[in-house]
Amino acid sequence: MNSITIARPDDWHVHLRDDDMLEQVVEFTARQFARAIVMPNLKPPVINIERAIAYRDRILAACPEQYDFTPLMTAYLTDTTDPAELERGFAAGVLTAVKLYPANATTNSAAGVSSVDAVRGCLEVMQRIGMPLLVHGEVVDPAIDIFDREAVFLERVLAPMIADFPALKVVLEHITTADSVDFIMASTTPLAATITAHHLQVNRNHMLVGGIRPHYYCLPIVKRASHQQALRDAATGGDTRFFLGTDTAPHPITGKHSACGCAGVFTAPCALESYVQVFDEENALDKFEAFASFNGPAFYGLPVNTGTLTLTRTPTKVGGDLGEGDAAIRPYRMGETLPWSVA
Ligand code: DOR
Ligand code: ZN
């Protein structure tokens with residue numbers, strides 16, 4: 001197969017940032033995806049309806065007019081979030097979902113949740129109204145090794161939470177382990193997962209052997225090859241609970257090339273090209289459309305997009321850094337020639 005046409009896909013996990021960086025990056029998502037779930041970890045975070053509307057307006061203002069792009073907004077859950085605010089935002093169509101960051105798990109998560117107990121009232125309401133909870137699934141216990149933080153989260157946090165809220169729609173975001181794949185597949189509650197292109201393509205050897213590659217550093221951190229293969233099997237295996245979410249997370253190069261570098265991979269410039277390469281390598285191109293365009297909307301209860309997008313087996317070179325000086329950002333796989341292109 002040298003070409004594949006799919007219903008226009010969506011990206012169920014993006015960081016579009018704000019201000020100048022928003023202007024720089026939004027078109028890379030808008031030109032490939034019809035809709036995107038926008039993460040709320042700005043400074044200050046998007047914690048309510050008012051901030052979500054204002055941020056949505058800034059995204060739409062920054063997005064070049066030729067793209068038909070709909071940002072789907074999320075609220076940043078804190079220990080003091082008012083459940084009624086979530087209910088109002090969901091009913092009004094302003095808030096599509098709620099993001100749970102364990103406090104201090106990742107970039108701009110200091111205002112995150114200290115424990116599930118602190119947000120029971122919110123989860124109760126979300127379960128009742130069918131509002132999805134999007135989870136950054138890592139424990140922050142300093143005693144837990146960074147490579148084990150996702151697996152420990154399943155056991156310590158996710159399993160008890162789901163037992164208490166069995167009808168709550170939950171997306172375990174950017175999964176990185178065979179443990180998470182197994183957990184999702186064994187689940188009998190409305191639990192799904194997004195998988196990034198970089199976690200499908202990169203393992204910790206790529207990041208650490210022969211030198212440290214800061215542009216592969218992200219959270220949850222890339223794991224060993226056997227976990228990477230479990231993710232590839234899950235994405236391409238046809239289970240409808242796995243869907244596309246890039247977690248594209250740009251940082252200035254100055255923040256990446258640092259003695260204490262930022263976590264995040266800017267995959268938006270070659271997201272679909274990277275995903276389709278994985279499906280091709282796994283002989284699963286027939287499963288690509290469901291992963292990219294059907295499974296996400298089905299879970300969120302949204303329609304599939306109208307229109308199509310075509311990818312062809314035509315080599316394409318990923319462009320160079322965007323912006324200059326302190327504002328420069330480096331795309332994932334910069335300068336590499338990829339086997340597939342968006343037509
Ligand atoms: O690598 C990451 N970058 N993981 C996250 O959870 C946050 C993100 C960011 O905002 O930079
Ligand atoms: Zn993210």
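In listed order, ligands and their atoms are each counted from 1.
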Any idea which protein heavy atom is nearest [atom], and the distance to it?
atom                   : answer
atom 3 (N) of ligand 1 : Ala263 O, 3.0 Å
atom 7 (C) of ligand 1 : Thr106 OG1, 3.2 Å
atom 1 (O) of ligand 1 : Leu219 N, 2.9 Å

Open item on the list: Can you tell me if Asp141 has over 12 outside heavy atoms packed within less than 6.0 Å of its CG?
Closed with: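 Atom CG in Asp141 is packed in, count exceeds 12.
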Open item on the list: If you count every heavy atom of other residues, nucleotides or ligands that lies below 6.0 Å from Ile212 atom CD1, does the total exceed 12?
Closed with: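 No - once you tally the heavy atoms of other residues, nucleotides and ligands closer than 6.0 Å, there are 12 at most.
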- [ ] Please find out if the Zn ion (ligand 2) and some N, O or S atom of His15 are separated by less than 2.8 Å.
- [x]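 Within the cut-off used here (under 2.8 Å), His15 does place an N, O or S atom near the Zn ion (ligand 2).
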- [ ] Would you check if the Zn ion (ligand 2) lies under 2.8 Å from any N, O or S atom of His136?
- [x]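 Coordinating: no.
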Taking non-hydrogen atoms only, is [X] closer than 4.0 angstrom to ligand 1 via side chain, backbone, both or neither?
X      : value
Glu173 : neither
Ala249 : side chain
Asn108 : neither
Met39  : neither

TODO: Consider ligand 1: state whether an atom of it lies below 4.0 angstrom from any non-hydrogen atom of His13.
DONE: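 Checking ligand 1 against His13, which is what was asked, there is no heavy-atom contact under 4.0 Å.
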- [ ] Would you check if the distance from the ring center of Trp12 to the ring center of Phe299 is below 6.0 Å?
- [x]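 So the answer is no for these two rings.
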Open item on the list: Working to the nearest 0.5 angstrom, can you tell me the gap between Leu95 CG and Met73 CE?
Closed with: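 Rounded to the nearest 0.5 Å, the CG-CE separation comes out at 8.5 Å.
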Open item on the list: Ring-plane angle category for Phe279 and Phe291, please: parallel below 30°, perpendicular beyond 60°, tilted otherwise.
Closed with: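 Because their plane-to-plane angle lies in the 30° to 60° range, the rings of Phe279 and Phe291 count as tilted.
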- [ ] For the residue pair Tyr332 and His198, categorise the inter-ring angle as parallel (less than 30°), tilted (30 to 60°) or perpendicular (more than 60°).
- [x]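 If you compare the ring of Tyr332 with that of His198, the planes turn out perpendicular.
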Task: Min N/O separation Tyr101 to ligand 1 under 3.5 Å - done: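 Looking only at distances, the answer is no, because the N/O contact criterion of under 3.5 Å is not met.
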- [ ] Would you check the N or O atoms of Val265, main chain and side chain alike, for any that come under 3.5 Å of an N or O of ligand 1?
- [x]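 Looking only at distances, the answer is no, because the N/O contact criterion of under 3.5 Å is not met.
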Open item on the list: Could you tell me if Glu281 and Gln277 have a donor-acceptor pair between their side chains, going purely by distance under 3.5 Å?
Closed with: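 Looking only at side-chain atoms, Glu281 and Gln277 do form a donor-acceptor pair, the distance falling under 3.5 Å.
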TODO: Ignoring hydrogens and angles, state whether a donor on the side chain of Arg333 or His215 is under 3.5 Å from an acceptor on the partner side chain.
DONE: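 Looking only at side-chain atoms, His215 and Arg333 do not form any donor-acceptor pair under 3.5 Å.
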Task: Sub-4.0 Å atoms of ligand 1 with respect to non-hydrogen atoms of His136 - done: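 Listed by number with element: 6 (O).
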- [ ] Identify, by atom number and element, the atoms of ligand 1 in contact range of Cys218, meaning under 4.0 Å from any of its heavy atoms.
- [x]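 Counting from 1, the qualifying ligand atoms are 1 (O).
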Open item on the list: As a test of reading the structure, name the N/O/S atom of Asp247 that is nearest the Zn ion (ligand 2).
Closed with: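 Looking at Asp247, the N, O or S atom with the least distance to the Zn ion (ligand 2) is OD1.
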Task: Partner of His13 under side chain to side chain donor-acceptor pair (under 3.5 Å), chosen from Thr248, Asp247, Thr194 - done: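 Among Thr248, Asp247, Thr194, the one that satisfies the side chain to side chain donor-acceptor pair (under 3.5 Å) with His13 is Asp247.
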Task: Glu138, His199, Glu150 screened by side chain to side chain donor-acceptor pair (under 3.5 Å) with Thr176, the one that passes - done: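 Passing option: Glu150.
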